[in-house]
Amino acid sequence: MVIENRASLQKSRAAFLEQIDSQTKKIYVCGGTGCVAGGSMEIYERLKQLIEEKGIKCQVKLEKEEHGDHVGLKKSGCHGFCEMGPLLRIEPAKLLYLKVSIDDCEEIVEKSILKDEVIERLIYSRDDITYSVQEEIPFYKNQTRIVLEDCGQIDAESIEEYIAYGGYSSLEKCLFDITPEDIVKTISDSNLRGRGGGGFPAGRKWSQVKAQKDPEKYVVCNGDEGDPGAFMDRSIMEGDPHKMLEGMMIAGYASGAKEGYIYVRAEYPLAVQRLENAIADCHRYGLLGKNILGTDFEFDIYIVKGAGAFVCGEGSALTTSIEGDRGMPRVKPPRTVEHGLFGKPTLLNNVETFANVPIIIEKGADWYKTIGPVKSPGTKAFALTGNIVNTGLIEVPMGTTLRHIIFDVGGGVRGGKKFKAVQIGGPSGACLTEEHLDLPLDFDSLKKAGAMIGSGGLVVMDEDTCMVEVARFFMNFTQNESCGKCVPCREGTRRMLEILEKIVEGRGEMSDLDMLEELADTITATALCGLGKTAANPVVSTLKYFRDEYEEHIRDKRCRTKTCQALKQIYIEKYHCKGCSLCSKVCPVGAISGKIKEAFEIDQSKCIKCGACLSSCKFKAIKEA
């Protein structure tokens with residue numbers, strides 16, 4: 001059925017909403033990548049089977065002709081509480097079940113679907129308080145979910161459900177009630193800044209593309225989320241793809257573009273599948289193509305799968321990759337707004353930025369600016385990972401402090417250990433410490449602290465984390481991902497990595513620290529693109545805040561956290577050794593020698609620190625330093 005005009009869209013919305021309202025229960029099984037890996041789709045199929053066996057009508061897709069009491073079974077997007085998956089939400093009770101297994105399905109149907117009973121062992125509990133309602137769980141209660149509001153609470157594979165809950169009403173408003181100039185002004189007035197990392201004002205970019213005289217323009221969505229541990233954009237594409245598509249359509253109408261491209265990494269197969277389905281559904285209903293909603297607006301969207309190169313997150317490298325060439329950045333100017341995809345003016349934003357657009361159009365710029373600081377309004381989605389109690393996907397207002405995110409939303413450091421640092425912004429970001437816990441997370445405040453939001457990865461580290469190894473890890477990632485086009489990034493990052501490897505292997509010299517700082521300054525000042533210019537940030541920040549750890553590695557040949565394998569020392573306490581010889585028998589390199597019933601010794605020149613002797617000693621005589 002093609003939605004031919006405005007009246008047809010409104011009529012369809014009412015019909016779809018009527019169908020949803022006729023569902024006595026709605027079961028949302030998390031269909032995000034994490035829960036799918038944990039078996040959520042098997043849970044979905046088992047629930048469907050059990051519901052039908054009980055003689056209850058199970059509706060998995062909205063069909064207009066179906067009426068009467070039935071249960072709606074849906075595949076939602078990521079609920080965000082990844083630590084507790086697989087997750088399952090039941091409405092209208094707003095009940096959230098955690099760590100659901102296929103063995104729980106029969107009890108869920110019997111008690112929660114048929115009898116409205118709560119299964120206590122499946123709900124969240126903390127400090128002897130249980131929470132059956134999802135929104136009351138501290139992890140959710142301490143968030144402000146706007147972009148992610150429907151993720152986990154809407155059928156991720158249903159355009160009908162998206163439309164029923166107001167989807168494409170902002171596009172409708174743009175096509176019938178306001179002009180392209182009004183759209184650009186609204187985005188500009190909202191102070192929306194790009195959520196891909198740089199924080200460039202979206203309205204300025206939109207106005208620059210609109211002002212270009214070339215009749216051929218493009219809209220490009222950057223879904224190439226390359227930061228280690230980041231999965232915000234992936235979750236939006238998987239869980240609420242139409243919100244992003246609607247934002248792209250509005251951008252196309254405002255700028256005068258007729259085509260849009262989504263660049264998404266091939267390692268996101270579920271996101272690709274959901275996007276393909278969403279685009280196909282838009283074509284089926286006439287929301288993509290020609291004469292959209294009966295107007296002269298023409299727009300189509302295509303998916304391009306990237307090969308996973310981190311550098312393709314940079315605008316010019318991304319557009320080059322879409323064109324079929326090797327993704328490498330180019331010298332600017334001209335910028336992408338003037339000379340982008342196929343040499344034409346291009347409006348390029350990331351997934352989260354486009355997902356904000358329909359909300360801003362619907363509620364207005366003034367409303368949007370009430371959230372967060374004036375210069376960085378709105379919310380930001382973060383992937384919270386590392387040594388933290390509650391790992392997962394979160395959304396908080398810009399300007400929220402690290403303390404609130406880590407201790408109120410995240411539940412604090414895992415195992416009761418002491419907080420040490422948090423890496424924000426991935427390989428392009430920096431490590432922040434305890435002194436930054438009350439720093440507001442917005443573009444300008446972080447820039448002053450020598451960090452950046454980046455795409456939104458937050459990796460929390462506890463007292464047992466070696467900061468030198470952290471710097472080496474991120475530099476290894478960046479060096480591997482360097483496209484090699486410019487010498488500072490290609491050779492400079494390689495040299496920095498070599499020095500860091502020397503240090504963690506116990507071969508470092510104090511002069512290496514000066515060399516690291518000199519290389520960092522040179523690379524930052526002379527690299528071609530954003531990847532190179534920010535490559536040294538993790539090293540610079542760890543040198544600034546944890547220089548004593550670097551010096552320990554070099555001067556004392558010691559890693560205080562015992563992370564660096566080469567700096568470990570395994571020894572035998574002679575007064576505890578019984579001379580049983582078991583340790584010498586398990587040593588793979590013959591580093592342990594001695595006589596039976598006498599204390600054995602470890603030859604440090606031979607020891608490879610494998611730890612086999614540690615686990616074999618029954619008398620706890622072997623120690624690690």
Side-chain angles (χ1 to χ4, degrees), residues 193-200 222-233 265 306 308-318 327-329 332 348-353 376 380-383 385-386 402 421-432 436 439 441-459 461 467 470-486 488-490 492-494 496-497 500 516 519-545:
R193 296 173 68 169
R195 296 312 198 242
F200 189 84
N222 182 354
D224 189 64
E225 188 174 46
D227 289 4
F231 52 94
M232 300 75 56
D233 289 348
R265 50 184 45 225
F310 182 63
V311 73
C312 286
E314 192 273 343
S316 60
L318 185 153
M328 300 177 80
K332 306 171 197 63
L348 172 63
N349 283 129
N350 87 319
V351 172
E352 189 179 349
T353 310
S376 296
K380 180 71 187 80
F382 290 98
T385 59
L402 277 171
V422 60
Q423 174 74 12
I424 183 168
S428 301
C431 286
L432 299 178
H436 301 106
L439 178 76
L441 294 188
D442 60 69
F443 295 107
D444 302 321
S445 299
L446 282 173
K447 187 175 181 180
K448 289 178 184 176
M452 63 187 295
I453 285 181
S455 61
L458 279 174
V459 184
M461 293 167 272
M467 303 311 295
V470 167
R472 189 211 64 80
F473 169 83
F474 281 109
M475 184 53 63
N476 181 62
F477 177 88
T478 303
Q479 209 286 314
N480 286 336
E481 294 294 337
S482 173
C483 74
K485 186 172 184 177
C486 72
C489 182
R490 183 183 70 238
T493 58
R494 184 187 301 276
M496 290 186 78
L497 177 59
L500 290 167
L516 282 173
L519 284 166
D521 289 341
T522 302
I523 296 168
T524 302
T526 60
L528 175 61
C529 77
L531 170 63
K533 290 182 182 299
T534 58
N537 282 352
V539 178
V540 172
S541 63
T542 51
L543 270 171
K544 180 178 180 180
Y545 299 116

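The figures that follow rest on heavy atoms only: side chains count, while hydrogens, waters and symmetry mates do not. Sequence positions, counted from 1, serve as the residue numbers for this chain.
For Lys332, the NZ atom sits in a packed shell: over 12 heavy atoms of surrounding residues, nucleotides or ligands are nearer than 6.0 Å.
Within the 4.5 Å cutoff, no side-chain heavy atoms of Val459 are placed close to those of Val422. The side-chain heavy atoms of Ile453 and Phe382, taken from C-beta on, include a pair separated by under 4.5 Å. A 4.5 Å side-chain heavy-atom check between Leu458 and Leu402 finds at least one atom pair inside the cut-off. Side-chain contact between Pro329 and Val311 is present, with at least one heavy-atom pair separated by less than 4.5 Å. Using a 4.5 Å heavy-atom threshold, the side chains of Leu446 and Asp442 count as separate. With contacts defined as side-chain heavy-atom distances shorter than 4.5 Å, the pair Leu500/Met475 qualifies. In this structure, Thr522 and Pro488 have side chains that are not in contact, with every pair of non-hydrogen atoms separated by 4.5 Å or more. Proximity of Arg472 to Phe477: side-chain heavy atoms (C-beta onward) are nowhere separated by under 4.5 Å.
Looking at every heavy atom in both residues, Gly315 comes nearest to Leu348 through CA-CD2, 3.4 Å. Taking each heavy atom of Gln479 and Arg490 in turn, the nearest pair found is NE2-O, 3.5 Å. Across all their heavy atoms, Lys485 and Leu528 have their closest contact at CD-CD2, 3.8 Å. Nearest approach of Ser482 to Cys489, heavy atoms of both residues: OG-SG, 3.2 Å. Pairing each heavy atom of Gly492 with each of Ile523, the nearest pair is C-CD1, 3.4 Å. Glu481 and Phe310 get closest at one heavy-atom pair: OE1-N, 2.8 Å.
If you take CZ on Phe474 and OG1 on Thr493, they are separated by 15.5 Å, rounding to the nearest 0.5 Å. Taking CZ of Arg195 as the reference point, atom CZ of Phe200 lies at 14.5 Å (rounded to 0.5 Å). Of the inter-residue distances, the one linking Met467 atom CE with Cys431 atom SG reads 3.5 Å to the nearest 0.5 angstrom. Here the NE2 atom belonging to His436 is positioned 11.0 Å from the CD1 atom belonging to Ile424, to the nearest 0.5 angstrom.
Note on Glu314 versus Lys533: no salt bridge recorded, every NZ/NE/NH1/NH2 to OD/OE distance being 4.0 Å or above.
Judged by the 6.0 Å and 45° rule, Lys447 forms no cation-pi pair with Phe443.
Listed for the Glu352 side chain is a donor-acceptor partner under 3.5 Å among the backbone atoms of Ala381.
Side-chain contact annotation: Asn222 with Asn349, donor-acceptor N/O pair under 3.5 Å absent. Using a 3.5 Å distance cut-off with no hydrogens or angles, the side chains of Asn537 and Thr534 do not pair a donor with an acceptor.
Under the side-chain hydrogen bond (donor to acceptor under 3.5 Å, both in side chains) criterion, Arg193 pairs with Ser376, Asp444, sequence neighbours left out.
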